Visitor: 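Here's a structure for you.
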Amino acid sequence: MTFIPQFIKLIVFSLVLLIIACTPNNQSGDYNLPNDPNILPSWYGQSYDLFFNTSPAQIPLLAKSLNDLSKATKVNDGSLAAQKSLIIENVLTRSLGSSIENEARLAIEQQRNEQFIAHQFASLGELYLSPKDNDYLQQNKTWSQYVDSLIALGDEFDVFKQGEIDIYTASEEFSLFAYQRTLGNTRAFVAFNFSFDTVEVPLPFGFMTSTKITMWQSDSPKATTFVTSQALMIRPYTAVIIIVG
């Protein structure tokens, strides 16, 4: 009489083990990939790896993955597929729960968050923040001003929502990543420095000096308009956006 219940228990236990084994793991612990296999890997996953988990040697490979993803999901026109591939996490508030005690490392984490937000805006034309992040913005004036500066840039230039995207620099040697967005006669050059050195902003061949530009920098996020007279520089762990036209 006891054989049947024990047999049933064995079957149930086996099924539970099978379900656990077949459940996909979230290896990073910081973001989740969408279930739709047609849009894997997600924009968020690839971008997160680039800004937080990548060594210089991996920059070219991840840049190519992001470029391929932007073409496949039409990130440049704000398509539904691109938005579906974006899993919203607590980007701004992630560092609050960090166990990092070293002030220098915490500062870099803050700068990487700034770069990541700038990339989200520049490549998608929108800022997608979690409800927790939005609550954080209400309490943190510095971050609120940072986000507002990007929103103002988007309101002024349609290139970030509609422009075609093309990655033109992914340098292991200099730890640089850059792409441009193009809409009609307007071009936006977006560059990221993942090194501890101040270097020249990577710009595509043919960029002319003595050009009127609008320039935004993540460490002093107030867009300024001026005519270039010398090489433009990008500081350590910062993002730069340069708009021409």
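Here the structure is a predicted model, which is why all the values come from computation and not from measurement.
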Visitor: Please find the pair of heavy atoms, one from G154 and one from F160, that lie closest to each other, and give the distance.
Guide: CA-CD1, 4.5 Å
Visitor: Sequence neighbours left out, what passes side chain to side chain donor-acceptor pair (under 3.5 Å) with S55? Give chain and number order.
Guide: Q58
Visitor: In this structure, is the centre-to-centre distance between the rings of Y48 and H119 below 6.0 Å?
Guide: no
Visitor: Go through the steps to decide whether Q138 and W143 satisfy the test side-chain contact (heavy atoms from CB on, under 4.5 Å), and finish with yes or no.
Guide: CA-CA 9 Å; Q138 301 299 318; W143 264 113; over 6 Å; no
Visitor: Go through the steps to decide whether V147 and L137 satisfy the test side-chain contact (heavy atoms from CB on, under 4.5 Å), and finish with yes or no.
Guide: CA-CA 8 Å; V147 169; L137 287 177; 3.8 Å; yes
Visitor: What verdict does the side-chain contact (heavy atoms from CB on, under 4.5 Å) test give for Q111 and I108, after you've listed the backbone C-alpha separation in whole Å, the side-chain angles of each residue and the deciding distance to 0.1 Å?
Guide: CA-CA 5 Å; Q111 290 172 294; I108 291 177; 4.0 Å; yes
Visitor: Quick check on ring-ring contact (aromatic ring centres under 6.0 Å, His included): which of F116, F52, F196 does Y237 satisfy it with?
Guide: F196
Visitor: I'd like to know if the side chain of T228 reaches the main chain of T211, judged simply by a donor and an acceptor atom lying under 3.5 Å from each other, with no hydrogens or angles considered.
Guide: yes
Visitor: Show me the pairs that pass salt bridge (Lys or Arg N to Asp or Glu O under 4.0 Å) and involve residues 221-244, at least two apart or across chains.
Guide: D219-R235
Visitor: Find out whether E126 and F121 are in side-chain contact, i.e. whether some heavy atom of one side chain is under 4.5 Å from a heavy atom of the other.
Guide: no
Visitor: So, does T186 use its side chain to make a donor-acceptor pair with the main chain of T182 at under 3.5 Å?
Guide: no
Visitor: To the nearest 0.5 Å, tell me how far I243 CD1 sits from F157 CZ.
Guide: 4.5 Å
Visitor: Measure up the F192 and F194 rings against each other and bin them: parallel (under 30°), tilted (30 to 60°), perpendicular (over 60°).
Guide: parallel
Visitor: Is a side-chain donor or acceptor of Q180 paired with a backbone partner of D166 at a separation under 3.5 angstrom?
Guide: no
Visitor: Taking side chain to side chain donor-acceptor pair (under 3.5 Å) as the definition, give me every residue that meets it alongside N140, ordered by chain and number, with sequence neighbours left out.
Guide: Y136
Visitor: Spell out, as yes or no, whether a donor-acceptor pair under 3.5 Å connects the side chain of S149 to the backbone of Y146.
Guide: yes
Visitor: Of all heavy-atom pairs between P204 and Y168, which one has the smallest distance, and what is that distance?
Guide: CD-CZ, 3.4 Å
Visitor: Show the nearest heavy-atom pair for residues V240 and Q217, with the distance to one decimal.
Guide: CG2-CG, 4.0 Å
Visitor: Who are the side chain to side chain donor-acceptor pair (under 3.5 Å) partners of K64, not counting sequence neighbours?
Guide: D68
Visitor: Is there a side-chain contact between P236 and T198, using heavy atoms and a 4.5 Å cut-off?
Guide: yes
Visitor: State plainly whether one hydrophobic cluster holds both I241 and I151, where clusters connect Ile, Leu, Val, Met, Phe, Trp and Tyr through side-chain heavy atoms under 4.5 angstrom apart.
Guide: yes
Visitor: Can you tell me if T225 and T214 form a side-chain donor-acceptor pair at under 3.5 Å?
Guide: yes
Visitor: Which atoms form the tightest heavy-atom contact between A188 and V159, and what is the distance?
Guide: CB-CG1, 4.0 Å
Visitor: Does the distance from a Lys or Arg side-chain N to an Asp or Glu carboxylate O, for R181 and E164, drop under 4.0 Å?
Guide: no
Visitor: Restricting to non-hydrogen atoms, name the atom on Y179 and the atom on A122 that form the minimum distance, rounded to 0.1 Å.
Guide: OH-CB, 3.4 Å
Visitor: Same cluster or not: V227 versus V201, using hydrophobic residues (I, L, V, M, F, W, Y) connected whenever any side-chain heavy atoms lie under 4.5 Å apart?
Guide: no
Visitor: Between N113 and F51, does the side-chain contact (heavy atoms from CB on, under 4.5 Å) criterion hold? Intermediate values first, please.
Guide: CA-CA 8 Å; N113 279 344; F51 285 86; over 6 Å; no
Visitor: Does anything in residues 134-157 form a salt bridge (Lys or Arg N to Asp or Glu O under 4.0 Å)? List the pairs, not counting sequence neighbours.
Guide: none
Visitor: Extract all donor-acceptor atom pairs below 3.5 Å that involve side chains of residues 170-177 and protein atoms in other chains or at least two apart in sequence.
Guide:
| unit_1 | atom_1 | unit_2 | atom_2 | d |
| --- | --- | --- | --- | --- |
| S171 | OG | E173 | N | 3.4 |
| S171 | OG | F174 | N | 3.0 |

Visitor: What is the minimum heavy-atom distance between L66 and S47, and which atoms define it?
Guide: CD2-OG, 3.5 Å
Visitor: Would a distance-only check, ignoring hydrogens and angles, find a side-chain to backbone donor-acceptor pair under 3.5 Å from Q162 to G125?
Guide: no
